[in-house]
There are 2 protein chains.
Amino acid sequence: MPQVNAPRLKAGRPPTTSRAQILAAARGLIDRNGWERLTIRKLAAEIGVGATTLYHHVQDKEDLLFLLINEYGEQVSHPGLPEEPRERVIAAAATIHDALAAWPWAAEVLTTDGFIARLGDSPLGLVEAVVAGAIDYGCTPDHAVYVFRSIWYYTVGEILVRSHTARRGNGAATTHHGAFFGNIDAEKLPHLAALGDRWAVLAPRDTYVDGLRALVDGLLAQGVAARA
Amino acid sequence: MPQVNAPRLKAGRPPTTSRAQILAAARGLIDRNGWERLTIRKLAAEIGVGATTLYHHVQDKEDLLFLLINEYGEQVSHPGLPEEPRERVIAAAATIHDALAAWPWAAEVLTTDGFIARLGDSPLGLVEAVVAGAIDYGCTPDHAVYVFRSIWYYTVGEILVRSHTARRGNGAATTHHGAFFGNIDAEKLPHLAALGDRWAVLAPRDTYVDGLRALVDGLLAQGVAARA
DNA sequence: ACCTGAACACCGTTCAAGT
DNA sequence: ACCTGAACACCGTTCAAGT
């Protein structure tokens, strides 16, 4: 879309809608109603413009979401990361996690493509921090990429499971006579039966960083073991 | 829907559509066209029945997908799991992973609710195996639930990222003059710049089990450390 | 160059009516 | 009890026509 990025002088009718305006309105709608309720038609109505007008400023809905994520990604603050490599990996991953937790729909979109090549420099800075931390710890570059990918899987999974179950509330958990598990076979599933409702108490706990530490410890240990 | 589960004798018009028939047709359509293309209307057309008829046999589309998953879950084979607790955890998790890899849409649906309470005994057997393995290793039941949840995040994330990027192919990876990362700032992102196209080579590698081992090692170590 | 309404090809779901 | 078509309230996107 070169006509959008590099406007020529003295062209025809001047624009009344800008890409920035569209993104701002989209962001407002998502923050108010949730991303699953964002539609092109509602977005156009919000701006006060025909639905089809938006297609002059973005390629399609997916393109719109990517633009939005990159805009959001630029705003994610990069805190001063620790010097120590392992702690740097953990801090960078936790920053990614917290950014996604605030905008869980981004996690959903980020799984839907080879996204990393399309991210801007700012969000990539956190990817760089994870990779650099692993290398500084003593991993090979190849292993560092594997470290990042593994952390990414864990992080995305946590975000998606958490955001989806939060949407529904705990109502479904107590469908069958107050027990978390329905009519469970205590013979075949003794530990789950013994846990009973305890599962529902444990499930909502935020254990992201604990699990992250476990994962990173294991990944880095593999990295230095492979060197020997 | 008690009228479906417990049919009374001598009721009115006999059914020409059964829930089993609907599930079989749905499964066929998903296997042929992918789950994102399954619609109630197409499913009804496949069976040769009005779209609205399906609502007499399933509550709604989500209910249909849950029924399908539970049916599939019953068929997942439980291989003889290893005796050794750590290996049992890994083998059970890998079985869950492989089942989901064959039906990635199930992973998508399984994040959309407090699913675990609604699963049948057979798929829960693998959850039991993970929890039992962690406890046998020396973890508390509470920690064992945390172990399962962490593994679940990692597994679901891997499945979703992998299935979504597979759909698109690697075409998007080489948009900008053959480089995986677009126009990257080598000053600010030295390690990513140095990796360059190597990332695209590493990304498709199946490292699920490796990462799982790293995660489980870390999680179990935390579990026995907490005991001391 | 930019914007528009009409139109296309769909969705999931409800509901009154038929058998 | 089971099945139906019509209808409701939506979608994303294309395209010829207007300014």
Side-chain angles (χ1 to χ4, degrees), chain A residues 1-23 25-26 29-30 33-68 105 108-109 112-113 167-168, chain B residues 1-23 25-26 29-30 33-68 105 108-109 112-113 167-168:
Chain A
M1 300 148 292
Q3 73 280 12
V4 172
N5 291 327
R8 291 165 203 292
L9 299 180
K10 299 257 177 189
R13 184 169 171 175
T16 65
T17 313
S18 72
R19 181 180 276 192
Q21 185 192 9
I22 292 171
L23 294 181
L29 277 178
I30 286 175
N33 305 330
W35 95 282
E36 48 284 296
R37 288 218 266 274
L38 178 74
T39 69
I40 293 286
R41 292 166 117 105
K42 282 187 208 148
L43 176 55
E46 174 86 358
I47 301 172
V49 89
T52 56
T53 300
L54 300 189
Y55 288 88
H56 289 271
H57 299 90
V58 297
Q59 258 179 19
D60 51 24
K61 194 181 181 183
E62 201 196 34
D63 180 48
L64 171 73
L65 294 173
F66 263 106
L67 292 171
L68 219 42
W105 67 270
E108 215 133 347
V109 175
T112 66
D113 209 319
R167 203 159 56 199
R168 290 309 192 91
Chain B
M1 299 149 293
Q3 74 278 16
V4 172
N5 292 327
R8 289 165 203 295
L9 300 179
K10 300 255 177 193
R13 185 171 171 174
T16 65
T17 313
S18 72
R19 181 179 276 193
Q21 184 191 10
I22 293 170
L23 293 181
L29 278 177
I30 286 174
N33 305 328
W35 96 281
E36 47 283 296
R37 289 218 266 274
L38 178 73
T39 69
I40 294 285
R41 293 167 116 105
K42 282 188 207 148
L43 176 56
E46 174 86 358
I47 302 172
V49 89
T52 55
T53 300
L54 300 189
Y55 288 87
H56 289 271
H57 299 89
V58 297
Q59 259 178 19
D60 51 24
K61 194 181 180 182
E62 201 197 32
D63 180 49
L64 170 73
L65 294 172
F66 262 106
L67 292 170
L68 219 42
W105 68 268
E108 216 134 344
V109 176
T112 66
D113 210 320
R167 202 157 59 200
R168 290 310 193 92

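Only this structure's heavy atoms are used, side chains among them; waters, hydrogens and symmetry mates stay out.
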Backbone N/O of A/Ala51 and side chain of A/Arg41: donor-acceptor pair under 3.5 Å: no
State which residues pass side chain to side chain donor-acceptor pair (under 3.5 Å) with B/Glu46; sequence neighbours excluded, sorted by chain then number. B/Arg32
Look at the side chain of A/Lys42 and the backbone N and O of A/Arg37, then say whether any donor-acceptor pair between them is shorter than 3.5 Å. yes
Could you state the OH-P distance from A/Tyr55 to D/dG12, rounded to the nearest angstrom? 6 Å
Using a 3.5 Å limit on both distances, find every run of at least three consecutive Watson-Crick or G-U pairs that involves DNA chain D. C:4-8 with D:12-16, C:12-16 with D:4-8
If I take atom CG in residue B/Asp60 and atom P in nucleotide C/dT14, what distance separates them, rounded to the nearest angstrom? 8 Å
Does C/dC2 have its OP1 or OP2 closer than 4.0 Å to a side-chain nitrogen or oxygen of A/His57? no
Please list, for nucleotides 4-8 of chain D, all pairs of protein and nucleotide N/O atoms separated by less than 3.5 Å.
unit_1 : atom_1 : unit_2  : atom_2 : d
D/dT4  : OP2    : B/Gly50 : N      : 2.8
D/dT4  : OP2    : B/Thr53 : OG1    : 2.5
D/dG5  : O6     : B/Thr52 : OG1    : 2.7

Can you tell me how far the CD atom of A/Gln59 sits from the CG atom of A/Leu67, to the nearest 0.5 Å? 9.0 Å
Output the rounded distance in Å from CZ (A/Arg19) to C1' (C/dC2). 15 Å
Whole angstrom is fine here: how far is it from CD in B/Gln59 over to P in C/dG12? 16 Å
Looking at B/Ile22, B/Ile47, B/Thr17, which hits side-chain contact (heavy atoms from CB on, under 4.5 Å) with B/Thr53? B/Thr17
note: B/Glu62, atom CD; C/dT13, atom C1'; distance rounded to Å ~ 14 Å
Once you round to the nearest 0.5 Å, how far does NZ of A/Lys61 lie from CG of A/Leu64? 8.5 Å
Whole-Å gap separating C1' (C/dG12) and CG (B/Leu65): 12 Å
Picking from C/dT13, C/dC3, D/dG12, the nucleotide nearest the side-chain atoms of B/Lys61 would be C/dT13
Hey, what do you get for CG (B/Leu54) to CG (B/Asp60), rounding to the nearest 0.5 Å? 11.5 Å
So, taking the atom named CG in B/Leu38 and the one named CG in B/Leu29, what distance separates them when rounded to the nearest 0.5 Å? 6.0 Å
Mind checking the P distance from D/dA9 to C/dA9? Whole angstroms is fine. 23 Å
Using a cut-off of strictly less than 4.0 Å, decide whether A/Lys42 has a side-chain nitrogen or oxygen near OP1 or OP2 of D/dC10. no
Checking D/dT13, C/dG12, C/dC2 against the side chain of A/Ile40 (C-beta onward), the nearest is D/dT13
Expressed in angstrom and rounded to an integer, what is the separation of A/Ile22 atom CD1 from C/dC2 atom C1'? 12 Å
What integer distance in Å separates B/Glu36:CD from C/dC11:P? 13 Å
Could you walk me through whether A/Leu68 and A/Trp105 satisfy the side chain to side chain contact (heavy atoms under 4.5 Å, CB included) test, starting with their C-alpha distance in whole Å, then the side-chain angles of each, then the deciding distance to 0.1 Å, before giving a yes or no? CA-CA 11 Å; A/Leu68 219 42; A/Trp105 67 270; 3.9 Å; yes
